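Beneath this line is the structure, given in structure tokens, with notes to follow.
As the structure lists them, so they are numbered: ligands from 1, and atoms in each ligand from 1. Everything quoted here is computed from the prediction, not taken from an experiment.
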Amino acid sequence: MIRRIATKLLLAVLAAVVLPFLAFAVFVDHEMAGRLSKDVVLYSLKGIAADLALRVDRDVEEWNSSVALLAADPGCYLAIDEAWRDEAGELEGESPEDRRLMRKTQIDQFNHWIAAKRGYDLFLLVDDEGRFVAASTVGRSGLGFAPEVNAELQSRSYAREVWFEAAKAGRAHRVDQISSEQCGLLPPRRPQTPLHPENFHIGFSAPIVWPRDELRPELSERFVGAVFALVNWSRVQEELDNPEVLRSYFQGLVGPDEFPSAYGWIWKSDADTILAHARPELYGQRVSQPPIALPEMTAAALASSWGLYPEYNFDGKRKNAAFRRTRGYDEGGFGWIVGVGIDNDDIFRPVRELRALLFKATLAVLLVSVLWTMVIARRTTQPILALREHVQRVADGDLGARVATASGDELGELAAALNRMTEQLEHGRAELIKAQKESAWREMARQVAHDIKNPLTPIQLSIDLCRRARDERSPQFEAILEQTLQIVGRQVAHLREISSDFHALTGARRDNFQPLELAALVEEVLELDSAWAQSLGVVITRAVQPVRVLGDRLLLRRVLLNLVSNALEAMPRGGALDVRLAQRDGRVVLELADTGVGVPPEVRARLFEPYFTTRSTGTGLGLAIAKRVVEDHGGAIELLPREDTSGTLVRVSLPTAESPA
Ligand code: ADP
Ligand code: MG
């Protein structure tokens with residue numbers, strides 16, 4: 001029952017606390033996590049793709065306008081004019097420095113731009129027929145070109161270049177990504193690693209038009225040449241690698257000490273050729289073809305200008321990505337597709353962490369509530385156990401038992417009620433005992449009256465008979481008198497016996513107690529009854545140790561006499577009486593074991609009642625007196641059936657003379 005209360009409590013707590021918490025955890029994990037993490041990341045990716053595309057557009061715009069600005073500078077057309085005049089021999093008389101003054105100035109300006117503006121690799125100035133006029137002579141590092149590079153630049157004709165033809169037609173032009181090798185103007189910066197961002201360029205060109213000029217009408221508003229600039233691709237790649245944009249954005253996903261997996265890329269306007277990538281070895285690879293083979297990504301990027309790619313596998317990882325197309329060629333751009341992707345591992349890391357947290361929290365709640373419930377269950381069941389124990393004690397007859405009522409709750413109230421009930425029971429039992437005692441005394445008085453009346457009747461009758469014989473002067477008077485005297489004497493003796501019986505029943509008086517040798521008393525009583533025993537054919541054996549008790553000799557003798565005579569009366573056809581007297585555990589124990597008729601179980605409870613007898617001649621007072629006397633001596637008496645044989649074992653225990661009674 002106790003265990004069941006604890007179990008019930010536990011189940012109740014599980015149902016009330018842990019189950020809802022678990023349901024909440026599952027809900028949060030399932031519903032919120034996806035929304036909280038993946039959707040936010042995807043929208044961020046879209047935003048970042050747009051952001052990057054905008055940066056690239058701004059860069060391209062900047063290069064476009066810078067080259068256009070340069071082309072409008074008077075230095076350019078004056079340098080071209082100087083070149084023409086030099087070729088025509090018009091500058092024959094000048095010093096070599098003066099002959100090249102305009103071109104020298106322009107070269108200085110080009111070199112200044114290379115140094116001042118990041119990203120430019122080369123500026124080239126050509127005349128209306130695509131012939132070399134001037135070019136920058138230093139690289140980005142500030143070192144001059146090798147002489148053969150300069151020689152090559154000067155010796156080439158640019159008339160066939162697309163950008164030159166566009167300039168001739170009056171248009172600015174942009175050359176999409178081109179490797180140093182394909183371009184052929186500058187040697188690769190990193191010859192050891194061909195697929196390095198620095199080995200690639202984009203080109204920008206603008207036409208040069210002679211301004212309105214009244215002095216030289218043949219040149220006024222005429223196309224006279226073009227400026228062509230090479231921008232190093234690493235400037236574009238840097239935008240993708242910019243840690244501010246990508247990494248820091250997703251740092252929150254993975255935590256401060258780790259690198260988020262996000263990175264960007266640029267595809268050509270065909271949405272298939274890789275122009276820029278965190279891994280330069282992929283430069284020039286086709287997205288839709290093996291080994292990349294992601295045609296669905298190409299399709300998605302072709303279908304709209306801004307959006308999310310379908311989720312894909314790359315490098316053995318599941319990823320999500322967004323893209324944004326930069327301005328098209330007609331709008332001054334290249335129509336590239338800027339993409340930004342991140343591993344799903346990173347996207348779902350907060351979800352995984354949240355899940356782990358929920359799991360731990362659930363475990364903790366479970367543990368705490370189970371422990372707490374066990375504590376409460378224990379504190380609840382302990383008073384119940386105490387109550388049960390109390391009830392058991394009361395049921396066993398201990399009406400003096402009280403249960404502690406420490407707690408002020410219902411159980412405490414119950415304990416108090418039980419205590420009140422036990423108190424009332426105790427009180428009731430005392431009342432009952434009192435009433436029983438009273439009725440016993442009444443019964444006793446009735447018996448006493450009856451017992452005394454019995455011998456009085458024959459005395460009265462004999463006296464009456466005697467008186468009549470004397471009055472009638474009967475010749476038999478003498479004989480009748482003799483008979484009457486005999487009857488009166490016998491009945492008086494009987495009355496004395498009854499009186500001393502009752503006296504004994506009133507109990508022993510402690511001030512009469514003396515130390516006495518119980519063994520001697522036992523021997524004396526057995527000696528008295530030995531003739532009777534012999535006549536019945538009862539064999540008496542004894543094992544008697546010398547023991548001393550404190551008591552009333554006459555009363556104890558009377559008790560012993562009765563016990564022995566009871567035993568002999570139970571063996572009318574002979575048997576054996578075994579008498580033992582010994583000291584055991586600080587007490588004197590006397591045992592009388594007979595082989596007589598025994599005591600039927602149904603009468604055993606009444607043996608010690610006064611006047612209970614099964615014998616026609618018995619008074620029924622013997623055992624009542626024995627109990628009274630023995631108990632007055634601080635002892636106990638019991639009648640037990642013998643286990644090994646028929647018959648009765650009477651056991652009397654008394655305190656020794658030394659021990660306190
Ligand atoms: P009485 O001897 O006058 O009958 P007791 O009080 O001495 O009264 O004994 C009461 C009853 O107990 C007896 O009548 C008898 O039935 C039973 N009794 C006592 N001692 C024995 C015994 N040793 N064996 C069998 N019955 C016994
Ligand atoms: Mg008797």
Side-chain angles (χ1 to χ4, degrees), residues 440-441 443-444 446-448 450-452 454-455 493-508 521-522 524-526 528-542 554-581 589-633 635-653:
W441 278 117
E443 172 69 12
M444 187 86 104
R446 204 176 55 76
Q447 281 288 346
V448 169
H450 178 77
D451 279 2
I452 292 174
N454 268 353
H494 191 189
L495 273 173
R496 185 174 294 120
E497 199 179 318
I498 289 171
S499 134
S500 65
D501 267 3
F502 282 120
H503 187 257
L505 254 187
T506 61
L521 198 60
V522 171
E524 186 188 320
V525 169
L526 289 177
L528 266 178
D529 279 331
S530 66
W532 183 19
Q534 211 168 10
S535 71
L536 289 174
V538 174
V539 182
I540 299 181
T541 54
R542 58 189 78 130
L554 278 179
L555 287 177
L556 287 178
R557 183 170 180 273
R558 198 181 168 78
V559 169
L560 291 177
L561 269 172
N562 181 257
L563 292 180
V564 173
S565 60
N566 275 359
L568 293 178
E569 276 158 7
M571 297 182 286
R573 274 179 290 281
L577 176 62
D578 190 21
V579 182
R580 290 163 186 276
L581 178 63
V589 179
L590 172 67
E591 285 179 341
L592 296 115
D594 64 51
T595 55
V597 292
V599 185
E602 61 271 19
V603 307
R604 187 167 309 134
R606 305 187 53 206
L607 287 181
F608 294 100
E609 287 176 11
Y611 300 109
F612 176 79
T613 176
T614 58
R615 287 191 281 272
S616 51
T617 57
T619 63
L621 285 176
L623 285 180
I625 291 168
K627 185 171 166 69
R628 182 86 199 215
V629 170
V630 168
E631 284 178 357
D632 282 345
H633 281 78
I637 177 167
E638 52 186 345
L639 254 81
L640 306 164
R642 293 183 69 178
E643 276 158 19
D644 45 346
T645 159
S646 68
T648 308
L649 171 68
V650 182
R651 180 180 293 139
V652 178
S653 77

>> I want to confirm something. Looking only at heavy atoms, which of N566, V564, I625 is nearest to atom 9 (O) of ligand 1?
In response: N566
> Mind checking whether G596 has a heavy atom under 4.0 Å from ligand 1?
Replying inline: no
> Counting heavy atoms only, which of T614, L577, V599 comes nearest to atom 15 (C) of ligand 1?
Replying inline: T614
> If you look at every heavy atom in S653 and V630, which pair is closest and at what distance?
Replying inline: O-CG1, 4.2 Å
>> With respect to L607, determine whether any N or O atom, backbone or side chain, lies less than 3.5 Å from an N or O atom of ligand 1.
In response: no
>> Can you check atom 4 (O) of ligand 1: any protein non-hydrogen atom closer than 4.0 Å?
In response: yes
>> Please list, in number order, the atoms of ligand 1 under 4.0 Å from a heavy atom of N562.
In response: 7 (O)
> For ligand 1, which atoms, with element, lie under 4.0 Å from some heavy atom of A567?
Replying inline: 23 (N)
> What residues form a salt bridge (charged side-chain N to carboxylate O under 4.0 Å, His left out) with E524, not counting sequence neighbours?
Replying inline: R553, R557
> Is the CZ atom of R642 crowded by more than 12 outside heavy atoms at less than 6.0 Å?
Replying inline: yes
>> If we set the cut-off at 4.0 Å for heavy atoms, which region of D594 has an atom near ligand 1: side chain, backbone, both, or neither?
In response: side chain
> For ligand 1, which part of L623 has a heavy atom less than 4.0 Å away: the side chain, the backbone, both, or neither?
Replying inline: both
>> For residues 562-576, which residue pairs pass the side chain to side chain donor-acceptor pair (under 3.5 Å) check, not counting sequence neighbours?
In response: N562-N566, N566-R615, E569-R615
>> Counting non-hydrogen protein atoms only, what is the nearest one to atom 2 (O) of ligand 1? Give residue, atom name and distance.
In response: R615 NH2, 2.4 Å
> Taking non-hydrogen atoms only, is L592 closer than 4.0 angstrom to ligand 1 via side chain, backbone, both or neither?
Replying inline: neither
>> Keeping to distances under 2.8 Å, can you name the protein N/O/S atoms close to the Mg ion (ligand 2)?
In response: N562 ND2, N566 OD1
> What's the verdict on side chain to side chain contact (heavy atoms under 4.5 Å, CB included) for L577 and V539, showing C-alpha distance, side-chain angles and the deciding distance?
Replying inline: CA-CA 6 Å; L577 176 62; V539 182; over 6 Å; no
> Residues in side chain to side chain donor-acceptor pair (under 3.5 Å) with R651, at least two apart?
Replying inline: E591, E638
>> Under a 4.0 angstrom heavy-atom cut-off, which atoms of ligand 1 come close to T613?
In response: 1 (P), 4 (O), 14 (O)
